[in-house]
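Beneath this line is the structure, given in structure tokens, with notes to follow.
Sequence positions, counted from 1, serve as the residue numbers for this chain.
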Amino acid sequence: MEAGQRIVTSESAYGANAVAYLHAERQRDVRIDVVGCDEHGQVDVDALRDCIDDDVALVAITHVPTNGGLVNPAAEVGEVTRAAGIPYLLDACQSVGQLAVDVEAIGCDLLSATGRKYLRGPRGTGFLYASDRIVDRLVPASPDHHGAVWTGTRAYELVPGAQRFEHWEYNHAAWLGLGTAVDEALAIGIDRIEATVRRQATLLRERLTGRGLEVFDLGVDPCGIVTTAVPGVDAATARDRLASDGINVSVTTRTSTRWDFERRSIDELMRVSVHADTTDDEIERAVESLGTVMV
């Protein structure tokens with residue numbers, strides 16, 4: 001990536017990704033363009049297409065953001081990037097494990113995912129997909145002698161393929177745990193998981209709105225991440241009250257998704273999310289517990 005080139009991303013970018021883009025802006029003198037949303041809150045694909053030019057080095061989109069059930073139209077973005085011949089990086093950390101994700105159908109060149117979210121694997125694990133179309137053009141930021149061969153006293157050569165991004169030292173037990181998590185998800189069936197997650201998330205949203213709580217999820221067909229807030233009660237307090245009832249929720253703040261939250265004038269939300277094994281009774285308990293926080 002050269003000075004003056006652009007990284008095009010969206011308002012729903014995750015905090016860690018946004019910081020990486022801004023670091024590249026600071027260190028490499030590249031520019032960051034943040035594409036706005038369409039009427040559904042998804043990345044505006046037409047606006048993305050309009051901003052594509054010869055100076056775009058990368059399109060980087062978050063598939064499912066951390067702060068709600070939005071599922072960005074990843075395959076439509078892929079159609080734009082393929083037509084323009086621009087590398088496409090998809091952050092699938094929140095989608096892998098709950099949604100069917102097909103890199104060929106999406107058309108991304110790079111896809112990153114973590115093990116600890118919907119895959120239910122160990123923390124500190126993850127994986128990178130790099131397509132054959134692009135991988136040998138990519139240079140890792142910090143290769144070692146696993147991703148490269150020391151060919152002479154003052155020379156080295158990167159190994160072919162995605163191994164160039166791997167390091168010699170890694171946690172073998174954690175990698176085995178990640179592999180087991182993937183095997184279990186595939187044994188259950190990703191399509192079956194996705195259908196169940198979407199059904200339970202829809203039920204949860206219906207119960208929350210029926211209780212008078214606002215649901216903040218965007219998009220045409222939201223996923224298993226459900227966000228809400230209790231009026232007059234900060235999210236951390238509500239989270240702790242639910243924890244005392246044995247219900248686990250989390251808090252998402254502006255530091256994780258600043259561009260989107262600032263656009264919507266939101267400071268924080270609760271994530272009350274579901275997985276394929278979340279029962280109807282557990283959903284009812286969670287909503288009832290939230291009702292006691294409202295009192």
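A donor-acceptor pair is defined here as one N or O able to donate and one able to accept, closer than 3.5 Å; no such pair exists between the side chain of Arg211 and the backbone of Leu290. Side chain of Arg241 to backbone of Thr292: a donor-acceptor contact under 3.5 angstrom is found. Judged by distance alone, with hydrogens and angles left aside, the side-chain atoms of Trp259 form no donor-acceptor pair with the main-chain N or O of Phe261 at under 3.5 Å. In this structure, the side chain of Asp136 does not engage the main chain of Pro160 through any donor-acceptor pair within 3.5 Å. Looking at Thr279, its side chain does come within 3.5 Å of a backbone N or O of Glu282 through a donor-acceptor pair. In terms of modelled atom types and a separation under 3.5 Å, the side chain of Glu76 and the main chain of Pro73 share no donor-acceptor contact. A distance-only check finds no donor-acceptor pair linking the side chain of Gln98 to the backbone of His275 [under 3.5 Å]. Tyr88 places a side-chain N or O within 3.5 Å of a backbone atom of Ala74 that can act as its donor or acceptor partner. The closest donor-acceptor contact from the side chain of His63 to the backbone of Leu111 lies at 3.5 Å or more, if one exists at all. Proximity of a side-chain donor or acceptor of Arg164 to a complementary backbone N or O of Val159 within less than 3.5 Å is detected.
With a 6.0 Å radius and a threshold of 12 heavy atoms from other residues, nucleotides or ligands, Asp54 has its CG atom at or below the threshold. For CG of Asn248, the number of neighbouring non-hydrogen atoms (other residues, nucleotides, ligands) closer than 6.0 Å is 12 at most. The neighbour count for Glu157 CD, taken as heavy atoms of other residues, nucleotides or ligands under 6.0 Å away, does not exceed 12.
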Would you give me the side-chain donor-acceptor pairs under 3.5 Å for residues 186-203, sequence neighbours excluded?
from: Glu194; atom 1: OE1; to: Ala100; atom 2: N; distance (Å): 2.9
from: Glu194; atom 1: OE2; to: Arg198; atom 2: NE; distance (Å): 3.1
from: Glu194; atom 1: OE2; to: Arg198; atom 2: NH2; distance (Å): 3.3
from: Thr196; atom 1: OG1; to: Arg192; atom 2: O; distance (Å): 2.9
from: Arg198; atom 1: NH1; to: Asp221; atom 2: O; distance (Å): 2.7
from: Arg198; atom 1: NH1; to: Asp221; atom 2: OD1; distance (Å): 3.2
from: Arg198; atom 1: NH1; to: Asp221; atom 2: OD2; distance (Å): 3.3
from: Arg198; atom 1: NH1; to: Pro222; atom 2: O; distance (Å): 2.9
from: Gln200; atom 1: NE2; to: Thr278; atom 2: O; distance (Å): 2.9
from: Gln200; atom 1: NE2; to: Asp280; atom 2: OD1; distance (Å): 2.9
from: Thr202; atom 1: OG1; to: Arg198; atom 2: O; distance (Å): 2.9

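Atoms OG1 and CG, from Thr62 and Asp91 in turn, are 4.5 Å apart once rounded to the nearest 0.5 Å. Atoms CD1 and CG, on Ile32 and Leu22 in that order, are 6.0 Å from each other to the nearest 0.5 Å. Taking CD from Glu268 and OG1 from Thr253, the interatomic distance works out to 8.0 Å, rounded to the nearest 0.5 Å. Taking CG from Leu158 and CG from Leu138, the interatomic distance works out to 10.0 Å, rounded to the nearest 0.5 Å. Summarising the geometry, atom CD1 belonging to Ile52 is positioned 8.0 Å from atom OG1 belonging to Thr81; distances are rounded to the nearest 0.5 Å. The OG atom of Ser12 lies 7.5 Å from the CG atom of Asn67; values are rounded to the nearest 0.5 Å.
A heavy-atom distance below 4.5 Å is not found between the side chains of Val19 and Tyr14. Residues Arg207 and Ile283 are in side-chain contact: their nearest non-hydrogen atoms beyond the backbone lie under 4.5 Å apart. Contact annotation: the side chain of Lys117 never approaches that of Ser95 to less than 4.5 Å [non-hydrogen atoms, C-beta and beyond]. A 4.5 Å side-chain heavy-atom check between Val59 and Leu89 finds every atom pair outside the cut-off. Between Glu214 and Pro231, the closest side-chain pair of non-hydrogen atoms is not below 4.5 Å. In this structure, the side chains of Leu218 and His40 stay at 4.5 Å or more apart for every pair of heavy atoms. Under the 4.5 Å side-chain criterion, counting only non-hydrogen atoms from C-beta, Ile106 is in contact with Leu90. Considering only heavy atoms from C-beta on, Tyr118 stays 4.5 Å or farther from Leu99 through its side chain.
Among residues at least two apart or in separate chains, there is no ring-ring contact (aromatic ring centres under 6.0 Å, His included) pair with a member in residues 210-247. Counting only residues at least two apart or on different chains, the side chain to side chain donor-acceptor pair (under 3.5 Å) pairs with a member in residues 104-114 are Asp109-Arg133.
The minimum heavy-atom distance between Cys51 and Val56, with the atom names listed, is O-CG2, 4.0 Å. Summarising the geometry of Pro143 relative to Ala141, their closest heavy-atom pair is CD-C, 3.8 Å, with the distance given to 0.1 Å. Closest of all the heavy-atom pairs between Val135 and Ala130 is CG2-CB, 3.8 Å. Smallest separation of non-hydrogen atoms from Ala286 and Ile247: CA-CD1, 3.6 Å. Listed here is the closest heavy atom pair of Val230 and Ala238: CG2-CB, 4.5 Å. Shortest non-hydrogen contact noted between Val43 and Asn72 is N-OD1, 2.8 Å.
With hydrogens and angles left out, the side-chain atoms of Thr227 and Asp217 include a donor and acceptor closer than 3.5 Å. For Thr237 and Asp234, the side-chain atoms include at least one donor-acceptor pair closer than 3.5 Å. A donor-acceptor pair shorter than 3.5 Å cannot be found between the side chains of Thr9 and Asn17.
Classification of Arg28 and Glu2 as a salt-bridged pair fails, no side-chain N sitting under 4.0 Å from a carboxylate O. For the pair Asp44 and Arg49, the salt-bridge criterion is not met [side-chain N within less than 4.0 Å of a carboxylate O]. One finds a salt bridge joining Arg264 and Asp260 here, because a Lys/Arg side-chain nitrogen approaches an Asp/Glu carboxylate oxygen to under 4.0 Å. A salt bridge is absent between Asp53 and Arg6; no separation between the charged side-chain nitrogens and carboxylate oxygens falls under 4.0 Å.
For Tyr21 and His23, the ring centers sit 6.0 Å or farther from each other.
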**Q.** side-chain contact (heavy atoms from CB on, under 4.5 Å) between Leu204 and Val287, intermediate numbers included
**A.** CA-CA 8 Å; Leu204 175 54; Val287 174; 4.0 Å; yes

**Q.** salt bridge (Lys or Arg N to Asp or Glu O under 4.0 Å) evaluation trace for Asp267 with Arg254
**A.** CA-CA 6 Å; Asp267 290 320; Arg254 280 197 181 194; 3.2 Å; yes

